[in-house]
Undergrad: 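Sharing a structure here in structure tokens format.
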Amino acid sequence: MTAVSGRRPARWLTPASGYLTGYSHTLNPYVGCAYGCSYCYVRRMPVGLFHHEAPWGEWVNVKRFERAFFIREWERALDKGTVTLFMSSSTDPYQPAEAHHQVARSLLETMAERPPAFVMLQTRGPLVVRDIDLLRRLGRRVRVSMTIETDMEAARRHFTPSAPPLAARWRALQELQRHGVPTQVAVAPLLPHTSQFADWLAERAERVVVDDFFRGDGRAGQRSAQLGMREACAAFGDPEAYDPASAEALYAALTERLGEARVSFSQAGFLPPDEEARRPEPPPIS
């Protein structure tokens, strides 16, 4: 179910806080998300619980883009100080609706004319390659963070049946890299995987951030528990995947292969470059 928002142009920039401390703003081109991943923390937030009568994952509201309105808001933010942008925190900017509505592209086109200090573009949508021309204009001011939580397509189908196949995401990542667009792989959260996953990532990723059901859900694992992730892992046949030690082991294996500069854990891996060096890695909780 996809609907375009009403007559009034949308406000776009939201001051960042909580998990995204380190950014000045977040920006979400859509409300709702067609991917509807089972573990998504947004399911337990007010927008996921109360915004729409349909279940999360079955509806998307397209924000109405008016270029002149966004330019005014954008320039006001830039004039006030440094703008670092996380896009997006509660939806995917490259979900199916973007192919038609092109809201994310319209926003990036405008940003490229007067760029922010940095924008983290978080997605699992292969459609991001459509905008390589704009991403190249942003240069080192952008990083595309491609979510790839597992190397097992069976796990992808079990936990995120409406999300793009893993092979399509890998192809998109390689295309971005071929054109010189800065990228990282977000293993967030780590799902059941094979013993070859660390080697696979080390061979193909420029940078990797690892996260789990506990530190990455914004409530120290409470949301993941409420969403039934322990039961989902058990139903898949891998109850040990619901354990902080699983992500810590992958992080250690990747650090050994890639070095500390190219691997991060949880929040530190999603920060703007200027903030990364000032953030210590979180202590293990297992």
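All residue numbers in this chain count up from 1 along the given sequence.
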Undergrad: When you measure from the side chain of W74 to the backbone N and O of R114, does any donor-acceptor pair fall under 3.5 Å?
TA: yes
Undergrad: Is the backbone N or O of P239 less than 3.5 Å from a side-chain atom of R230, with the two atoms forming a donor-acceptor pair by type?
TA: no
Undergrad: Do the side chains of E98 and R130 get close enough for a salt bridge, i.e. N-O under 4.0 angstrom?
TA: yes
Undergrad: If you count heavy atoms of other groups shown closer than 6.0 angstrom to CZ of R204, is the number above 12?
TA: yes
Undergrad: Test of understanding: with side chain to side chain donor-acceptor pair (under 3.5 Å), list the residues that count as partners of R257, not counting sequence neighbours.
TA: D199
Undergrad: Using the side chain to side chain donor-acceptor pair (under 3.5 Å) rule, pick out the option among T91, T147, D92 that qualifies with T123.
TA: D92
Undergrad: Salt-bridged, R171 to E175, with N to O below 4.0 Å?
TA: no
Undergrad: Is the shortest distance from a Lys or Arg side-chain nitrogen in E66 or R72 to a carboxylate oxygen in the other one below 4.0 Å?
TA: no
Undergrad: Do V119 and R141 have side chains that get closer than 4.5 Å, going by heavy atoms?
TA: no
Undergrad: What I want to find out is whether R76 reaches D79 closely enough, with some N-O distance under 4.0 Å, to be called a salt bridge.
TA: no
Undergrad: Is the shortest side-chain N to carboxylate O distance from E75 to K80 below 4.0 Å?
TA: no
Undergrad: Salt bridge or not between E149 and R156? Use side-chain N to carboxylate O under 4.0 Å.
TA: no
